[in-house]
Amino acid sequence: MGLGHEQGFGAPCLKCKDKCEGFELHFWRKICRNCKCGQEEHDVLTSNEEDRKVGKLFEDTKYTTLIAKLKNDGIPMYKRNVMILTNPVPAKKNISINTVTYEWAPPVQNQTLARQYMQMLPKEKQPVAGSEGAQYRKKQLAKQLPAHDQDPSKCHELSPNEVKQMEQFVKKYKNEALGVGDVKLPGEVETRATDKNNLNNGDRGTSAAVGAMEDKSPDRKASQYSCYRCKLNMKEGDPAVYAERAGYDKLWHPACFVCCTCSELLVDMIYFWKNGNLYCGRHYCDSEKPRCAGCDELIFSNEYTQAEGQNWHLKHFCCFDCDCVLAGEIYVMVNDKPVCKPCYVKNHAAICQGCHNAIDPEVQRVTYNNFNWHATQECFLCSCCSKCLIGQKFMPVEGMVFCSVECKKKMMS
């Protein structure tokens, strides 16, 4: 089972810039071997791969209208709704045409509605081709819908039993939680009773829902509809997003249709509904299964370890720098990643201002601002007279320490 190591090879890192030699996928972590950033941080042109991933997600669901199977290989491909808007722009002599392409837009027949929806999103999150918003959408597709959360072939060395468990898990969330938002004008939606999916998810309805169902008056104003997230009223003529699994008595502002855990816009309005909350794919799966902090995959094995408040496959609790297994070994956490003692001393340890050697993580040290010393009589000394300062008052000056005003004056004069 391959992780797609050739995909995006050599792509520049958008975060590290020239410090990264180019994207090279780690052999089991979902990061670049050169800079340790994720693939989503690199300029990898993967629109086809993304469309295959979302296509597979929608396979065997009620959303098959959003996919098409290719004749040559039968792989389901996501049919993204791309919206191209052309506006005449008056120039000095002629009228030029200004074209704006949205890499994704709500799949509605009324383009005016889709355009209104886009204008209600923050500008930096509108997926206009070549813009910051398009890059944001691409990054969220990678983050919110990891291929390894739905496709066993994208995982590292699963046992046959783990593959079977994963397939059952994916089938279950497709049947019970997965959905795609629907953009409509509130007044045009005939409120329906909460469907059986809500009952399956433990939603028994509310008095507000009953009231909404009773009010089917066609002249009900938009101001009478409030957003499920921010609780503010909808403005007249503004579109709202509905989630079928939540029931049509609930609606959201376009910018409020976000994951309840990470608060990011639900990419392409793909949501997972659970216990009255919207989740992105990643955080829905996290609410159901432990996730390995090493390989980023869901854990389907009964045997795994917990350390530093995170879950790990037994074989993946490794040094973030050299990949040596850390079971029974001394390690230090660096930016929430475990690092073995030799790698810590070599790559991350603080340097003693006294002897200029790395400070072992197990020995005592003195720290002041960004300066460090071994807490020994040989290192933590007055920079002028070499008096030991352990347990004594001292005066710090730019990495130097003094026992008295006199010593400070001598040294600084």
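All values below were derived from every heavy atom in this structure, side-chain atoms included, with hydrogens, water molecules and symmetry-related copies excluded. None of the values given here were measured: they were computed from a predicted structure.
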Tell me if a side-chain donor or acceptor on K79 pairs with a main-chain N or O of T65 at a distance below 3.5 Å. yes
Just by distance, do the side chain of E132 and the backbone of E124 share a donor-acceptor pair under 3.5 Å? no
Within the side chain of K53, is there an N or O that forms a donor-acceptor pair under 3.5 Å with the backbone of L145? yes
Please determine whether side chain to side chain contact (heavy atoms under 4.5 Å, CB included) holds for the pair F317 and Y304, giving the CA-CA distance in whole Å, both sets of side-chain angles, and the decisive distance to 0.1 Å. CA-CA 9 Å; F317 186 52; Y304 63 96; over 6 Å; no
Taking atom types as modelled and ignoring hydrogens, do the side chains of Y173 and Q150 form a donor-acceptor contact shorter than 3.5 angstrom? no
Decide, yes or no, whether a salt bridge links K143 with D296 under the criterion of side-chain N to carboxylate O below 4.0 Å. no
Ion pair E40/R282, N-O distance below 4.0 Å: no
Would you say the side chains of Y331 and E308 form a donor-acceptor pair under 3.5 Å? yes
Whether S383 side chain and V401 backbone form a donor-acceptor pair below 3.5 Å: yes
Between R80 and E50, does any NZ, NE, NH1 or NH2 come within less than 4.0 Å of an OD or OE carboxylate oxygen? no
Under 4.0 Å between a Lys/Arg side-chain N and an Asp/Glu carboxylate O for D149 and R291? yes
Given 3.5 Å as the limit, does a donor-acceptor pair link the side chain of Q310 with the main chain of G294, or not? no
Would you call P152 and E167 a side-chain contact if the rule is heavy atoms closer than 4.5 Å? yes
Parallel under 30°, tilted from 30 to 60°, perpendicular over 60°: which one fits the rings of W273 and Y228? tilted
Would D151 and S153 count as having a side-chain donor-acceptor pair, cut-off 3.5 Å? yes
Name the residue from K138, K56, K154 that meets the salt bridge (Lys or Arg N to Asp or Glu O under 4.0 Å) definition with E49. K154
Tell me the closest heavy-atom pair linking Q111 and L85, and the distance in Å. OE1-CD2, 3.4 Å
Has D51 got a side-chain atom pairing as donor or acceptor with M77's backbone, closer than 3.5 angstrom? no
Exam field: side chain Q165 to backbone F300, donor-acceptor pair closer than 3.5 Å: yes
Give a yes or no on whether the backbone of G237 and the side-chain of Q116 come within a donor-acceptor separation of less than 3.5 Å. yes
Let me have the donor-acceptor pairs involving side chains of residues 332-346, under 3.5 Å, with sequence neighbours excluded, atom names and distances please.
unit_1, atom_1, unit_2, atom_2, d
K341, NZ, D360, OD2, 3.2
K341, NZ, E362, OE1, 2.7

Let me see the working for R29 and C295 under side chain to side chain contact (heavy atoms under 4.5 Å, CB included), right down to the final yes or no. CA-CA 4 Å; R29 299 185 196 270; C295 69; 5.8 Å; no
More than 12 foreign heavy atoms under 6.0 Å from CD of Q377: is that the case here? no
Check: L121 main-chain N/O paired with Q126 side-chain donor or acceptor under 3.5 Å: yes
How far apart are the C-alpha atoms of F23 and C13, what are their side-chain angles, what is the distance that settles it, and do they pass the side chain to side chain contact (heavy atoms under 4.5 Å, CB included) test? CA-CA 7 Å; F23 184 72; C13 181; over 6 Å; no
Test your reading of the model: is there a side-chain donor-acceptor pair from D43 to the backbone of A11, 3.5 Å cut-off? no
